[in-house]
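From a predicted model like this one, the values you see are computed outputs, not experimental measurements.
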2 protein chains.
Amino acid sequence: MVQAKKQLFDSKLQRCSDYCKALSHPARLAILKHLSEVQTCITGDISSEIPLGRTTINQHLAELKSAGLIQGNIAGVRTYYCLKTEALFELKNLIDEFLGQICCNEKPKEMSNP
Amino acid sequence: MVQAKKQLFDSKLQRCSDYCKALSHPARLAILKHLSEVQTCITGDISSEIPLGRTTINQHLAELKSAGLIQGNIAGVRTYYCLKTEALFELKNLIDEFLGQICCNEKPKEMSNP
DNA sequence: ATTTTATGTCGTAAACATACGTCATAATTT
DNA sequence: AAATTATGACGTATGTTTACGACATAAAAT
């Protein structure tokens with residue numbers, strides 16, 4: 001395994017990069033956006049919204065699910081997907097914290113510290 | 001080209017996913033973090049900080065450069081790298097905007113009007 | 001002038017990601 | 001009971017990323 005080198009890094013950097021990876025394809029961003037608009041919907045709705053084949057969408061959904069950003073609830077023959085807002089907040093916090101550390105000050109109120 | 005399908009998506013989603021892709025490896029996050037701590041340094045410093053071979057680091061540096069997140073200034077035999085803060089702010093804004101749209105309200109301060 | 005140093009370029013193997021077709025299956029509908 | 005529908009699982013071709021060794025080159029040090 002060549003990619004095992006990822007394990008050598010700080011676990012916070014790993015989690016942050018994993019979330020970023022989940023966001024690293026426009027189809028996945030479009031899926032998240034669509035889910036936020038309709039709250040919940042089935043796979044078929046998503047694949048008719050987005051210009052990719054159904055199985056490709058399914059693959060992207062599986063990735064978002066394994067990143068923890070969405071969840072699927074099975075109801076008979078359908079699976080209803082929705083956002084996992086806790087994870088989206090965690091992601092936001094991780095990215096904000098990272099960017100705050102390296103550049104964009106995340107807490108512009110705290111002027112009184114080295 | 002299979003990946004040409006990316007072109008079918010909204011350009012803002014594309015830019016956002018491209019930035020996220022640049023952040024999708026812990027080595028690249030570690031490089032950005034190191035650069036923020038030392039302001040500027042040469043390739044060799046980075047590859048002794050980070051547990052990967054020099055050419056691998058070079059590859060990651062090239063990716064960060066092509067994403068516009070860092071720049072390298074040649075001085076004799078050395079190349080001094082530093083962060084490009086404008087790009088980091090743009091990245092922050094894009095991600096904040098995206099996450100704000102889908103979940104985490106991005107402007108909790110603005111209760112009235114600009 | 002020769003050696004050392006810092007970096008970039010090229011090649012490449014292995015692993016992963018992307019995109020989709022086909023098949024299997026289980027719940028509805030007819 | 002048979003047909004339809006929605007989805008997941010599997011296979012696979014092509015493309016991309018990751019990781020690194022080997023070589024090239026140009027500046028600096030000796």
### Query
Within the side chain of Ser48(B), is there an N or O that forms a donor-acceptor pair under 3.5 Å with the backbone of Gly44(B)?
yes
### Full working for side-chain contact (heavy atoms from CB on, under 4.5 Å) between Cys41(A) and Leu35(A)
CA-CA 7 Å; Cys41(A) 69; Leu35(A) 282 177; 3.8 Å; yes
### Task
Could you note down all residue pairs passing side-chain hydrogen bond (donor to acceptor under 3.5 Å, both in side chains) where residues 10-20 of chain A supplies at least one of them, sequence neighbours left out?
Lys12(A)-Glu97(A), Arg15(A)-Glu90(A), Tyr19(A)-Glu90(A)
#### Entry: Nucleic acid contacts of residues 28-51 of chain A, taken as heavy-atom distances under 4.0 Å to DNA chain D
Ile42(A), Thr43(A), Gly44(A)
### Message
In this structure, how many angstroms lie between the C1' atom of dT17(D) and the CG atom of Leu23(B), rounded?
### Response
16 Å
### Task
Write down the atom of Ile50(A), the atom of Ala27(A), and the distance for their closest heavy-atom approach.
CD1-O, 4.1 Å
### Message
So Thr79(B), base contact, sugar-phosphate only, or nothing? Heavy-atom distance under 4.0 Å.
### Response
sugar-phosphate
### Query
Within the structure, does a side-chain N or O atom of Lys5(A) lie under 4.0 Å from either OP1 or OP2 of dC20(D)?
yes
### salt bridge (charged side-chain N to carboxylate O under 4.0 Å, His left out) partners of residues 43-69 of chain A, not counting sequence neighbours, each pair once
Arg28(A)-Glu63(A)
### Test log, rule side-chain contact (heavy atoms from CB on, under 4.5 Å), inputs Ser36(B) and Gln101(A)
CA-CA 8 Å; Ser36(B) 83; Gln101(A) 274 173 16; 5.9 Å; no
### Query
Is it true that Leu64(A) and Phe9(B) fall in one hydrophobic cluster, defined by side-chain heavy atoms closer than 4.5 Å?
yes
### Message
Can you measure Gln14(B) atom CD to dT18(C) atom C1' for me and round it to whole angstrom units?
### Response
15 Å
### Summary
From NZ of Lys6(A) across to C1' of dA15(C) the rounded distance in Å is 10 Å
### Query
Nearest-Å distance, CD1 (Ile57(B)) to P (dT17(D))?
17 Å
### Message
Given Phe98(A), which partner from the list Ile95(A), Ile102(A), Leu94(A) fulfils the side-chain contact (heavy atoms from CB on, under 4.5 Å) test?
### Response
Ile102(A)
Taking distance alone, no hydrogens or angles, what donor-acceptor pairs closer than 3.5 Å link side-chain atoms of residues 68-89 of chain B to residues at least two apart or in another chain?
{"residue": "Gln71(B)", "atom": "NE2", "partner": "Asn73(B)", "partner atom": "OD1", "Å": "3.2"}

### Message
I need the full list of ring-ring contact (aromatic ring centres under 6.0 Å, His included) pairs touching residues 44-69 of chain B, with sequence neighbours left out, sorted by first then second residue.
### Response
His25(B)-His60(B)
### Task
State the CG-OG distance between Leu29(B) and Ser24(B), to the nearest 0.5 angstrom.
8.5 Å
### Query
Where along residues 58-69 of chain A does a heavy atom come under 4.0 Å from DNA chain C, residue by residue in number order?
Gln59(A), His60(A), Glu63(A)
### Query
Reckon Leu52(A) touches a base, only the sugar-phosphate, or nothing at all at heavy-atom distances under 4.0 Å?
sugar-phosphate
### Message
Taking 4.0 Å as the cut-off, does a side-chain nitrogen or oxygen of Lys21(B) come that near to OP1 or OP2 on dT16(D)?
### Response
no
### Task
Would you check if Lys5(B) and Pro51(A) make a side-chain contact, meaning some heavy-atom pair closer than 4.5 Å?
no
### Message
Protein within reach of the bases, or only the backbone? For nucleotides 24-30 of chain D, mark each nucleotide 5' to 3' as B, S or -, using heavy atoms under 4.0 Å.
### Response
--BSS--
### Query
Rounded to whole angstrom units, what separation is found between the CZ atom of Arg78(A) and the P atom of dG8(D)?
13 Å
### Distance in angstrom units between His25(B) NE2 and dT18(D) P, rounded
5 Å
### Task
Please state how far atom CD in Gln7(A) lies from atom P in dA19(D), giving the value in whole angstrom units.
11 Å
### Query
Looking at Tyr81(A), does any N or O in its side chain come under 4.0 Å of the phosphate oxygens OP1/OP2 on dG8(D)?
yes
### Message
Looking at Thr55(A), I'd like to know whether one of its side-chain N or O atoms comes within less than 4.0 Å of OP1 or OP2 on dG21(C).
### Response
no
